[in-house]
Amino acid sequence: MPVGTRGAVKGLHPCEVKNTGAQIILGNTYHLHLQPGEDTIKNLGGLHDFTRWDGPILTDSGGFQVFSLAHIRKITEEGVTFKDPRNGDLISLTPEKAMRIQLDLGGDIIMAFDDVVSLDEAGKKRTEEAVQRTHRWLERCVTEFKRLTKDMQDSERPLLFGIAQGGLNRELRAKSIEFVQSCDVDGVAIGGLSVGETREEMHDMLEYLAPLYDPDKAHYLMGVGDPIDFRFAIEHGIDMVDCVMATRNARHGTAWIHKPCTCTNKTGKAGLSGASRAISDSSSLRGSRTVREVPLARTSQKNFATSTECKTCGGGDKKINLNNQQFTEDATVIDPECDCTTCKVPHHTCLNGAELRSATPVASSTSSLVRSSTTSQMPEPPGITEQSSSGHCFRCGEALTGFSRGFLRHQFKVNESLAGSLVSIHNIRYLNRIAEQYYALR
RNA sequence: GUGCCUGUAGCUUAGUAGGUUAAAGCGUCGGGUUGUGGCUCCGAAGAUCGAGGGUUCAAGUCCCUUCAGGCACC
């Protein structure tokens, strides 16, 4: 889920977001409440009409801002007060208010209001307290949610997700997952990770939690991650993630690329972790049990499992910093394997026409969970051509040549925001391609 | 021709009455970024202080000469 905190995925037209294969985006209660306010958004038709994004929208509750804006907030049992950074005004968020705001905003999935703790000493000390409070707040959220939606038809009622906490404490985590799954919620989110712990600590926790998930509910890992963490999460029963890295890194010049693993070890055990390897040979898992039911086994070589990097050939998920001098005269695209509209764009007359409609199959693992409440019409985006993978336009046969690294570096160097937008498209598409590859393995 | 002003990092400048290893912003180069406050954060490289000589324990700073640019006057 690309992140559009303030109602827009930064730098991108909704068509561009859609064309990455993204099925759902995020908005944020805290930011939209401060500006322009849920009343304004409601008066302008709700988030979908307001933002012109006709796909599902998930709104975060503002719980994370309790954590990230720690220097300007105060927590009590009732809720949290923040100082408005613009004018110093005190604003408050409570479980009930978070429900009201999110329902006014009009997203399709709304999140319970939770208490996120840091991993420093102060945070560790209050981990248990935060878990208990998160649970009490969740009960208040569910009550308020039911009260506010009791007159709604099933088709217009948004979904409510609860959030499990517990820091890096396994016992607390297990209790929290169990509690949230026992509540009347449509989905379960894993919160409080990706807040500064090491990759190994996060992966260990995900591995520990995977067998505890109720297969009847969706599981959403909040705030994760880069391609490596994303693969690991999928392999361990996670259905949904969101992360700002794709877009923030893109705006700062970092693009993800995939270096194919060239190892053809006769044992079939190349360096890549279980499912990552399986993608290269997707037939090996086709027809097996679903990912969520059985988290794919990690290889005995832990290092391989926690990174998709192949120790033998260096293949796997990589990143490049397009600001680097080495790309000044680089005529190649970010990633020749990629089919995004930054890496493969027709630069001829075919660009102008409906024939270029996307033919890329889009996975729909979450669509059955989500009822899009909008009827707004979005024009079909100028898409990826049918034969983009072959590198040629299916219509006229001309080569599809995306934006060169040299061009992108130049635009970054002259501070042109187009560069950040183009790389955002690439990075979001990169993650969605990973999701689509796993989806094909079900 | 005469008088005055200005020369410090690639650029714009700070360097106080001479006193530790000449400072900053921008730019350059490299890195970071995980439920987005921040086109951001961190780090590095980069200066024989226009040149030469002198005074002094000590000169970017004072003196002389010279070069370059600018201004004014003849």
Side-chain angles (χ1 to χ4, degrees), chain A residues 1-11 24-35 58-73 82-87 98 102 107 109-117 119 134 161-165 187-199 201-203 206 220-233 238 240-256 319-328 409 411-424 427 431:
Chain A
M1 300 184 283
V3 178
T5 300
R6 295 181 294 192
V9 178
K10 290 186 182 187
I24 173 169
I25 63 169
L26 251 72
N28 194 289
T29 298
Y30 171 82
H31 304 268
L32 293 172
H33 171 63
L34 279 185
Q35 196 175 11
L58 180 150
T59 49
D60 194 9
S61 63
F64 186 72
Q65 276 63 47
V66 176
F67 163 78
S68 66
L69 301 175
H71 59 293
I72 54 167
R73 58 93 169 122
F82 294 93
K83 235 184 223 178
D84 187 333
R86 293 168 305 163
N87 51 26
Q102 290 184 81
I109 299 177
I110 74 174
M111 300 302 300
F113 190 58
D114 64 334
D115 186 359
V116 188
V117 292
L119 293 173
T134 294
F161 278 30
I163 305 176
Q165 288 292 338
V188 179
I190 317 301
L193 288 179
S194 67
V195 292
E197 74 279 15
T198 65
R199 192 191 292 280
E201 286 171 324
M202 176 168 67
H203 288 197
L206 290 176
Y220 162 28
L221 176 59
M222 307 185 79
V224 175
D226 69 13
I228 293 169
D229 294 334
F230 185 34
R231 290 182 199 275
F232 192 90
I238 294 297
M240 308 161 63
V241 301
D242 74 285
C243 191
V244 301
M245 274 186 125
T247 43
R248 180 192 286 160
N249 282 11
R251 291 194 307 280
H252 296 168
T254 302
W256 290 319
K319 57 187 181 181
I320 58 173
N321 184 347
L322 287 162
N323 286 292
N324 288 3
Q325 198 167 36
Q326 60 174 302
F327 301 119
T328 306
R409 170 179 147 88
Q411 298 302 343
F412 275 116
K413 283 299 170 187
V414 297
N415 225 14
E416 166 56 55
S417 63
L418 175 65
S421 299
L422 291 173
V423 179
S424 291
N427 281 352
L431 291 182

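Just so it is clear, the model here is predicted, and its values are computed rather than measured. Chain A is the first sequence line, chain B the second, and so forth, proteins listed ahead of strands; every chain is numbered from 1. Below, all heavy atoms of this structure are taken into account, side chains as well, without hydrogens, waters or symmetry copies.
Contacts of A:T5 with the nucleic acid, taken as non-hydrogen atoms under 4.0 Å apart, include base atoms. Residue A:T247 is in base contact, counting any heavy-atom pair closer than 4.0 Å across all strands shown. Nucleic acid contact for A:D242: sugar-phosphate only, since backbone atoms but no base atoms lie under 4.0 Å from a heavy atom of the residue. A:R409 comes within 4.0 angstrom of sugar-phosphate atoms only, judged by non-hydrogen atoms across all strands, and of no base. Across all strands, A:Q411 comes closer than 4.0 Å to no nucleic acid atom at all (heavy-atom distances). Using a 4.0 Å heavy-atom distance criterion, A:I163 is classed as a base contact. Contact annotation for A:G4: no contact, since no heavy-atom pair falls under 4.0 Å across all strands. Counting non-hydrogen atoms under 4.0 angstrom, A:L221 reaches nothing in the nucleic acid.
Between A:N324 and the phosphate of B:C29, there is no side-chain N or O to OP1/OP2 separation shorter than 4.0 Å. Close to B:U34, at under 4.0 Å from its OP1 or OP2, lies a side-chain N or O of A:R248. When the side-chain nitrogen and oxygen atoms of A:S194 are compared with OP1 and OP2 of B:U34, none of them lie within a distance under 4.0 Å. OP1 or OP2 of B:G31 has not a single side-chain nitrogen or oxygen of A:K319 nearer than 4.0 Å. OP1 or OP2 of B:G37 lies within a sub-4.0 Å distance of a side-chain N or O belonging to A:S68. For A:Q326, no side-chain nitrogen or oxygen approaches OP1 or OP2 of B:C29 to under 4.0 Å. Regarding contacts with the backbone of B:G37, every side-chain N or O of A:K83 stays at 4.0 angstrom or more from both OP1 and OP2. Residue A:Q325 places no side-chain N or O under 4.0 Å from the OP1 or OP2 atom of B:G30. OP1 or OP2 of B:G30 has not a single side-chain nitrogen or oxygen of A:N323 nearer than 4.0 Å.
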Any chance you could lay out the salt bridge (charged side-chain N to carboxylate O under 4.0 Å, His left out) test for A:D226 and A:K319, step after step, and finish with the verdict?
-> CA-CA 10 Å; A:D226 69 13; A:K319 57 187 181 181; over 6 Å; no
Can you list the steps and then say if A:T29 with A:Q102 is a side chain to side chain contact (heavy atoms under 4.5 Å, CB included)?
-> CA-CA 6 Å; A:T29 298; A:Q102 290 184 81; 3.1 Å; yes
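To the nearest 0.5 Å, atoms CD (A:Q65) and NE2 (A:H33) are separated by 12.5 Å.
The nearest whole Å value for the distance from the CE atom in A:M245 to the P atom in B:U34 is 6 Å. Straight-line distance from the NZ atom of A:K413 to the P atom of B:C39: 17 Å, rounded to whole Å. Here the P atom of nucleotide B:G35 and the CZ atom of A:F230 are 14 Å apart, to the nearest Å. For A:I190 and B:G35, the CD1 to C1' distance is 12 Å, given to the nearest whole Å. The interatomic distance linking A:D84 (CG) with B:G38 (P) rounds to 14 Å, in whole Å. Distance CG (A:N249) to C1' (B:U36): 11 Å, rounded to an integer number of Å. Rounded to whole angstrom, the span from the CZ atom of A:F82 across to the P atom of B:U36 amounts to 11 Å. Distance, A:L322 CG to B:U28 C1': 17 Å, rounded to whole Å.
Going from the P atom of B:C39 to that of B:G46 covers 31 Å, rounded to whole Å. Using P as the reference atom, B:G25 and B:U21 are 22 Å apart when rounded to the nearest Å. A gap of 36 Å separates the P atoms of B:G10 and B:C73, to the nearest Å. Only the P atoms considered, B:A14 is 10 Å distant from B:U8, to the nearest whole Å. With both ends at atom C1', the span from B:A47 to B:U13 equals 14 Å, rounded to whole Å. To the nearest whole angstrom, the two C1' atoms, one in B:G50 and one in B:U61, are 16 Å apart. Only the C1' atoms considered, B:G27 is 14 Å distant from B:A44, to the nearest whole Å. With both ends at atom P, the span from B:A45 to B:U6 equals 33 Å, rounded to whole Å.
With a 3.5 Å ceiling on both atom-pair distances, B:G35 lacks any Watson-Crick or G-U wobble partner. Pair assignment for B:U16: none, as no Watson-Crick or G-U wobble contacts are both less than 3.5 Å. Judged by Watson-Crick or G-U wobble contacts below 3.5 Å, the nucleotide B:G10 has B:C26 as its partner. When Watson-Crick and G-U wobble pairs are counted only if both distances are under 3.5 Å, B:C73 pairs with B:G1. Pairing partner, B:U66: B:G50, with both Watson-Crick or wobble hydrogen-bond distances short of 3.5 Å. Both distances falling under 3.5 Å, in either a Watson-Crick or a G-U wobble arrangement, occur for no nucleotide opposite B:U55.
For the residue pair A:Y220 and A:D242, a side-chain donor N or O sits within less than 3.5 Å of a side-chain acceptor on the partner. At a cut-off of 3.5 Å, with distance as the only test, a side-chain donor of A:D229 or A:H203 sits close to an acceptor on the other residue. Residues A:Q165 and A:T134 bring no donor and acceptor atom of their side chains to less than 3.5 Å of each other. For the residue pair A:T328 / A:R409, a side-chain donor-acceptor distance below 3.5 Å is found, with atom types taken as modelled.
Where stacking is scored as ring centres under 5.5 Å apart with planes under 30°, A:H31 does not register as stacked on the base of B:U36.
Between the base of B:U34 and the side chain of A:D226 there is no donor-acceptor pair shorter than 3.5 Å. Between the side chain of A:R251 and the base of B:U36, a donor-acceptor pair under 3.5 Å is found. Below the 3.5 angstrom threshold, one finds a donor paired with an acceptor across the side chain of A:D114 and the base of B:G35.
Checking B:G37, B:U40, B:G35 against the side-chain heavy atoms of A:H252 singles out B:U40 as nearest. Comparing B:U34, B:C39, B:G35 by their nearest atom to the side chain of A:K10 picks out B:C39. Relative to the side chain of A:R6, the nucleotides B:U34, B:G38, B:G32 differ in distance, and B:G38 lies closest.
Between the A:S424 side chain and the A:A250 main chain, no donor and acceptor come within less than 3.5 Å of each other. Counting only distance, with no hydrogens or angles, the side chain of A:N321 and the backbone of A:N323 share a donor-acceptor pair below 3.5 Å.
With the nearest nucleotide of RNA chain B identified for both A:Q65 and A:N415, A:Q65 has the one nearer the 5' end. Nearest-nucleotide assignment on RNA chain B puts the 5′-proximal partner with A:G225, out of A:E416 and A:G225.
With A:L26 as reference, A:L58 is the one residue of A:L58, A:I109, A:V9, A:T5 to meet the side chain to side chain contact (heavy atoms under 4.5 Å, CB included) rule.
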